[in-house]
Every structure is written in structure tokens, then in C-alpha cells.
Number of protein chains: 2
Amino acid sequence: MTSTRTRRTAQGAAVRTALESMAGFISAQELHRRLSDDGSKIGIATVYRQLNALVENQEADAISTPEGQLYRACEDPQTHHHHMVCTSCGTTIEIEPPDEAWFTSVARTHGFDVHSHTLEVFGICSACRSASSAR
Amino acid sequence: MTSTRTRRTAQGAAVRTALESMAGFISAQELHRRLSDDGSKIGIATVYRQLNALVENQEADAISTPEGQLYRACEDPQTHHHHMVCTSCGTTIEIEPPDEAWFTSVARTHGFDVHSHTLEVFGICSACRSASSAR
DNA sequence: CTTTTTGCAAAACATTTGCATGTAA
DNA sequence: TTACATGCAAATGTTTTGCAAAAAG
């Protein structure tokens, strides 16, 4: 092995930049769509490869949803926030966990070095609830 | 509406029974495989439909993984748990939130009717941490 | 009978991979 | 140069759907 880590490519930079400019999580497909719309010339396969590389390098983390994987650039542990989303209309409300410190404490207990965490609450908002009298 | 809820079918019972007899989570594909091996005559599409029906009726819940959805029969609300996963080796540890009730309380505050919630902690387990002296 | 469920195969998607070609280093 | 990255299309794997036939009520 003559040592060679990662090559600097336009596509790689584009993916990283785009991901970092995102507020929350985004899918590879969606990210690719945005990059393309913005004029970037990049294939979907490359988006996946870059995204997976970022995750492996711990520069991003991913969560699984019924629609597939969602990626997010890693930020300062403080900067992040959680959401509560209405599974009916999609409304999203930002919520604040009672004890953010808990995450790191459990981790320490198990010898983990916490990198990030996700918390999502799904439900039906009052508006949708009243709307759907049927069921 | 002449009122008609759900029809009782052999396949439906088979799926529910099989799911309830499972220890943990299982995928639709895997469940179908087992049912078939046990002689049940049921199509994969039906397994999916039954499973999704159970989830909608809150008789089962599902989690998303990179390999797809995993289902589990619902038990006492207390029984569900969250995970902490090592982003390096994939090891998953079950963790217990300090205050499960918090989820429903925030929801109520915002007029939400909580349906489910997710909590995931990402990090590096001790084993991987020591192992990766290189980097 | 009437309406829901099933099965099957096709359709939809998300994600990965093989390979020839382009391109950092 | 030369090994790694990209693009494209084909391959995978999961989940959904259309539709005619079977089953429940």
C-alpha cells in the first residue's frame, strides 16, 4: 500500500457542502435532485458513495426511515434540535428534550463515545385529528 | 357506510400468531419465509398487507433499518426500548430513557396525539475506539 | 350475493455494483 | 503515469399495486 486516502473531487466537495448547508436530514435522492437543479453535474451513484464515505469518516450520520436512509452533516452537539412531526400533514414542531446530558451519560456507562443522537416523535396534530372524524 | 371492519382470514391469523410468538423484531420477508417453511400457504404481499394493518391498528410497531422495516407485536407500552449503535462496527445496545412519559407530555402541550417516537444514539463503542489507533 | 382479501406478477423505489472512462496527484 | 473517482446502466432487494379469483359475512 503506497498510501492514498481520499481524492479531492468537485463532486465530493459539492456533496459535503450541500449536506452542511442543510438544516436537517436529507435523503440521497433528494440531495442529488437539489445538486442537479443547482447545475451540478453528478450521478446518483456518486452521491451515495460520497454520502456513505462521509458517514464512515464520521463527518455525517444517517438514520433509517421507511423511505430510506437520511443523512445529516455532523455539527456541534449543542446546535442540534429535535422534532415532533405530524404523520398526517407533515407539520413539524421543534421540541426540547428534558435532559440532553442524559445522552452522554448513558453512553459513558456503556463505554461509548457519543457522536450524535436523534430523537423524533411521531403523531397526529390537533388540526388533523379534528379533521379526520372518520376512521 | 354499512360498517365492515376487518375480515377474519387464515392468513391474517397466521401472521398475527407468528409475530406474537417472535422474541424480537422480524422482517416481512423473514416472517414470510418462516410461515412458508411451516407449511402456511401465504403470499408475500399478504404478509406485508397484514403487517401494515397491524401497525395501523397499533397491534404492532415497526422500526426502520438499512435492510428494511422490522416488525414486532405490541406488548405493554413500557416494554419498548431504544438503541445506541456503534457507527463503526454496528453493535447495538439497548438503552432506557430516563423519562418515557416525557414523550407524551410534550405532545400534549402541542396538541399532538402521539403515535410513536424514535430515539437513537450514535457513537463509537469502546472496542472500536481502542481498535482504531490508526486513522 | 356483496365486499374484502388473497395471490401473483409487474411496478416502484432505494441502494449497490461492474466497468470503461475521466482525472487528481 | 497510475490508482482512485465518476457515470451509466444493469443488478439487487424491499415494499407496493393492479387485477382476477377465492373467501368471508
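These numbers come from a predicted model, not from an experiment. Per chain, numbering begins at 1; letters A, B, ... match sequence-line order.
The distance from the CG atom of A/Leu51 to the NE2 atom of A/His32 is 11.5 Å, given to the nearest 0.5 Å. Atom-to-atom distance recorded for B/Gln69:CD and B/Ile26:CD1 is 14.0 Å, nearest 0.5 angstrom.
For the pair A/Leu54 CG and D/dA5 P, the interatomic distance rounds to 13 Å; values are reported in whole Å. Distance B/Ile26 CD1 to D/dT15 P: 12 Å, rounded to the nearest Å. Straight-line distance from the CD atom of A/Glu56 to the P atom of D/dA5: 12 Å, rounded to whole Å.
Between A/Gln50 and the phosphate of D/dT6, there is a side-chain N or O to OP1/OP2 separation shorter than 4.0 Å. For A/Lys41 and D/dC8, the shortest distance from a side-chain N or O to OP1 or OP2 is below 4.0 Å. Side-chain nitrogen and oxygen atoms of A/Tyr48 include none within less than 4.0 Å of the OP1 or OP2 phosphate oxygen of C/dT16.
Nearest-nucleotide assignment on DNA chain D puts the 5′-proximal partner with B/Glu67, out of B/Glu67 and B/Arg49. In terms of position along DNA chain C, the nucleotide closest to B/Gln11 lies nearer the 5' end than the nucleotide closest to the other residue of the pair B/Gln11 and A/Gly68.
Proximity of residues 27-39 of chain B to DNA chain D (heavy atom under 4.0 angstrom from any strand atom) is restricted to B/Gln29.
B/Ile42 comes within contact range of the sugar-phosphate backbone alone, with a heavy-atom separation under 4.0 Å but no base atom that close.
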* For every nucleotide of nucleotides 20-25 of chain C, 5' to 3': is a protein heavy atom under 4.0 Å from its base (B), only from its sugar-phosphate (S), or from neither (-)? -> ---BBS
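Relative to the side chain of A/Gln69, the nucleotides C/dG7, C/dT15, D/dT6 differ in distance, and C/dT15 lies closest.
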* **B/Gln50 vs B/Tyr71, side-chain hydrogen bond (donor to acceptor under 3.5 Å, both in side chains): CA-CA, chis, key distance, verdict** => CA-CA 11 Å; B/Gln50 286 295 338; B/Tyr71 304 79; over 6 Å; no
